[in-house]
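A short worksheet on the structure shown next.
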Amino acid sequence: MGDPFLAVVGAFLILSGLVLYLMRDLMARAGVDGWSWLPDSTTFKTYEYQLALSEVAAGIPAVAGLVFMGIFLWPR
């Protein structure tokens, strides 16, 4: 596993995070519908909470991709 492999993995993860970020509205709405069985007083099923969680879900692979790109670009 050489440096080009790390670059490809990093680019893929950054692109995945970008796509998830662009789909954040869809994921938040699906999250609200998926937790509809919870009582109405639960803040976990609100759209705002699910939108924040979808942004976190998009940020995790993007940060991992930046780490891989950082390892690839680190001078030896």
Shared hydrophobic cluster, [X] / [Y] (ILVMFWY, side-chain heavy atoms < 4.5 Å):
{"X": "V9", "Y": "V67", "answer": "yes"}
{"X": "W35", "Y": "L53", "answer": "yes"}
{"X": "L13", "Y": "L73", "answer": "yes"}

With sequence neighbours left out, which residue pairs that include part of residues 41-52 fulfil the salt bridge (charged side-chain N to carboxylate O under 4.0 Å, His left out) condition?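 As it turns out, the salt bridge (charged side-chain N to carboxylate O under 4.0 Å, His left out) pairs with a partner in residues 41-52, which skip direct neighbours, are D40-K45.
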
Going by the salt bridge (charged side-chain N to carboxylate O under 4.0 Å, His left out) test, which pairs reach into residues 15-25, not counting sequence neighbours?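 Output for this query lists R24-E55, D25-R29.
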
Any idea which heavy atoms bring T46 and T42 closest together, and the distance? CG2-O, 4.1 Å

Heavy-atom pair of closest approach, residues P61 and L20: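 So the two residues come closest at CG-CD1, 4.0 Å.
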
Hydrophobic cluster mates of V56, side-chain heavy atoms under 4.5 angstrom, ILVMFWY only, any path? I60

Students should find that the hydrophobic cluster of V19, defined by side-chain heavy atoms under 4.5 Å apart, otherwise consists of M23, L26

Who pairs with W74 by ring-ring contact (aromatic ring centres under 6.0 Å, His included), at least two apart in sequence or on another chain? none

How long is the straight-line distance from CG of L18 back to CD1 of I14, given to the nearest 0.5 Å?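 CG of L18 is found 9.5 Å from CD1 of I14.
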
If a pair satisfies ring-ring contact (aromatic ring centres under 6.0 Å, His included) and one of its residues is in residues 47-70, list it, with sequence neighbours excluded.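 Output for this query lists F44-Y49.
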
Could you pull out all residues at least two apart from Y21 that satisfy side chain to side chain donor-acceptor pair (under 3.5 Å)? none

Taken in chain and number order and not counting sequence neighbours, the residues that satisfy side-chain contact (heavy atoms from CB on, under 4.5 Å) with S16 are F12

